[in-house]
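Everything on this sheet refers to the single structure shown next.
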Number of protein chains: 2
Amino acid sequence: MPDHVEQWLAELLRLNDEEEKVTEKQIKIVQAAVEIFAEKGYSATSTSEIAQKAGVAEGTIFRHYKTKQNLLLAIVSPIMEKLVAPFVIRNFQEVLNVQYERFEDFMRAMLINRLAFTRKYAPVLKVMIHEIPFNPDLQAQFMEHVSTNVVERVRRIVVHFQAQGQIIEAPADSIVRMCASTIVGYAVTRYFLAPERDWNDDEEIDLMIRFMMNGLSLNPVR
Amino acid sequence: MPDHVEQWLAELLRLNDEEEKVTEKQIKIVQAAVEIFAEKGYSATSTSEIAQKAGVAEGTIFRHYKTKQNLLLAIVSPIMEKLVAPFVIRNFQEVLNVQYERFEDFMRAMLINRLAFTRKYAPVLKVMIHEIPFNPDLQAQFMEHVSTNVVERVRRIVVHFQAQGQIIEAPADSIVRMCASTIVGYAVTRYFLAPERDWNDDEEIDLMIRFMMNGLSLNPVR
DNA sequence: ATTCAGAGTGAGTACTCACTCATTATTATA
DNA sequence: TATAATAATGAGTGAGTACTCACTCTGAAT
């Protein structure tokens, strides 16, 4: 396991259990769980396997997490919150109006920022993506955070730049979806489908920005 | 279970076991398996549950499929082949050159065609997407079919239209990825994330085509 | 020195899992 | 109608499952 993962693991745990102290073995458990969940999937992973990889007795897992499902939630929930964090800050739209004059600048900032996030938390994000469709608790969290917060807020940004005449007058939901698809499509290819390929991130980002900005431009070229 | 599913189930089975006759109960088994796999995931589904839903003894499953994994492959493999079928026809590029003069026409045809495919086989595609990352057999199939066949062939199409001066001179892989992201992003939102929303497919298709064509246009607007 | 709280243990629990097999039901052919 | 071949059954199997619990150990407070 790469060193950089350990850096955020303890922090991750303390996000849920504030004031609670986190033991050495607890970190080992979460560390092992993330690795195996990402490799084999949640359902195909046994608690005995996690215990073995963590170098811990099986009972120790259940001292800290009432159920296997609780362990999953303790790992995924804080990352889901951090995933949407940039969008739920106070006065999101006003901050942007001041900070980013052009839609292009806003998009580029978001793109770079969330790509770095994906690289950092790739294994947890993989577990998250795969378990949301089958886990009602995660589904509810996802709907609440992503749907209501992110989509709705980004929607308003799009409407704002539409009013300014920077991008086309099309349904804002569709525009949000197409931009999100472009970014998520790159993140998935970059970090999950072909992480070994030697990527030129700057070039790809420039190309995506050009693709999206031309794609949403007012005056069709042809 | 909707009627339309039954229509392609028997056909699906016969694709693998040519000349073999397919029993009534075999169809029931596959039918039940697809439903539960899509609902709970492969690993979280027990063979006893499949048997119960299919109205069949558990042993009957293992008469037709040696293992639970074989049952999965019998369901997913033929659909994976059908998914890439339009791309692996003989003289793919030559056919296209004659049939579609503009890149836009090619993209629109592919978009409409593969969206209909997604609607038809949505449950199996869901299972496929979720199991590929954890199943070596499916991974190998996916790499072989999608990577080597589809991406490589579509890449050549892109290069062809680039040479004609219809679209920008950027890495063909990136262009393929951005177009695929746009289409897959819509398919996922349309049929998995928000299938209940009342979609205007024609409008969305027009918008996506406009987005992609402007996005890949030679002369930036700004 | 004694008590106490909580981390850690690992054998044990009831139960579920994928898979088997001897037996019976159904069908096709003669 | 008799025979062969295949389809279907469901109780049975051992390995494995998530989880429990009585217990030990450690370190800090009294």
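Just so it is clear, the values below take in all heavy atoms, side chains as well, and ignore hydrogens, waters and symmetry mates. Protein chains get the first letters and strands the later ones, always in sequence-line order, with residue 1 at the start of each.
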Exercise. Does the side-chain contact (heavy atoms from CB on, under 4.5 Å) test come out yes or no for A:Y100 and A:M107, once each step is laid out?
Worked result: CA-CA 9 Å; A:Y100 306 110; A:M107 285 300 302; over 6 Å; no

Problem set entry | Nearest-angstrom distance from the residue atom NZ of A:K66 to C1' of D:dC21 | 17 Å

Exercise. For B:Y65 and C:dT20, what is the distance between atoms OH and P respectively, to the nearest whole Å?
Worked result: 16 Å

Polar atoms only, N or O, under 3.5 Å: list the protein pairs with nucleotides 9-14 of chain C and their distances.
| unit_1 | atom_1 | unit_2 | atom_2 | d |
| --- | --- | --- | --- | --- |
| C:dT9 | OP1 | A:K25 | NZ | 3.1 |
| C:dT9 | OP2 | A:A57 | N | 3.0 |
| C:dT9 | OP2 | A:T60 | OG1 | 2.7 |

Exercise. Regarding B:T47 and B:E58, is there a side-chain donor-to-acceptor distance under 3.5 Å anywhere?
Worked result: yes

For this session: Using a cut-off of 6.0 Å, state whether more than 12 heavy atoms not belonging to B:Q139 lie near its atom CD.
Result: yes

Exercise. Does any donor atom in the side chain of A:Q99 or A:D105 lie under 3.5 Å from an acceptor atom in the other side chain?
Worked result: no

For this session: Take the protein atom CD1 of B:I29 and the nucleotide atom P of C:dA18, then report the distance between them rounded to whole Å.
Result: 14 Å

Problem set entry | Spacing between A:F62 atom CZ and C:dA7 atom P, to the nearest angstrom | 17 Å

Exercise. Does a side-chain N-to-carboxylate-O contact under 4.0 Å join B:K40 and B:E49?
Worked result: yes

Exercise. How is A:T45 classified with respect to the nucleic acid when contacts are heavy atoms under 4.0 Å: base, sugar-phosphate, or nothing?
Worked result: sugar-phosphate

Exercise. Would you call the rings of B:F134 and A:H130 parallel, tilted or perpendicular if under 30° counts as parallel and over 60° as perpendicular?
Worked result: tilted

Exercise. Does B:T23 put a side-chain nitrogen or oxygen below 4.0 Å from OP1 or OP2 of D:dA7?
Worked result: no

Problem set entry | Between C:dC17 (C1') and B:K40 (NZ): distance, integer Å | 13 Å

For this session: Starting from P on C:dT16, measure out to CD1 on B:I50 and report it in whole angstrom.
Result: 17 Å

For this session: Kindly indicate whether a cation-pi arrangement holds for B:K68 with B:Y42, taking the cut-offs as under 6.0 Å to the six-membered ring centre and within 45° of the axis.
Result: yes

Exercise. In residues 131-139 of chain B, which ones come under 4.0 Å of DNA chain D, going by heavy atoms?
Worked result: none

Exercise. Just how far, in rounded Å, is P of D:dA11 from CD of B:Q52?
Worked result: 13 Å

Exercise. Between C:dC17, D:dC19, C:dT20, which nucleotide has the shortest distance from any of its atoms to the side chain of B:S48?
Worked result: C:dC17

Exercise. Looking at A:F211, A:W199, A:F192, which hits ring-ring contact (aromatic ring centres under 6.0 Å, His included) with A:Y186?
Worked result: A:W199

Problem set entry | A:H64 side-chain N/O to C:dG6 phosphate OP1/OP2 under 4.0 Å | no

Exercise. For B:S46, which contact category applies under a 4.0 Å heavy-atom criterion: base, sugar-phosphate, or nothing?
Worked result: sugar-phosphate

Exercise. Could you give the CD-to-P distance, from B:E49 to C:dC17, as a whole number of Å?
Worked result: 8 Å

Exercise. Shortest non-hydrogen contact from B:T118 to B:L125?
Worked result: CA-CD1, 3.6 Å

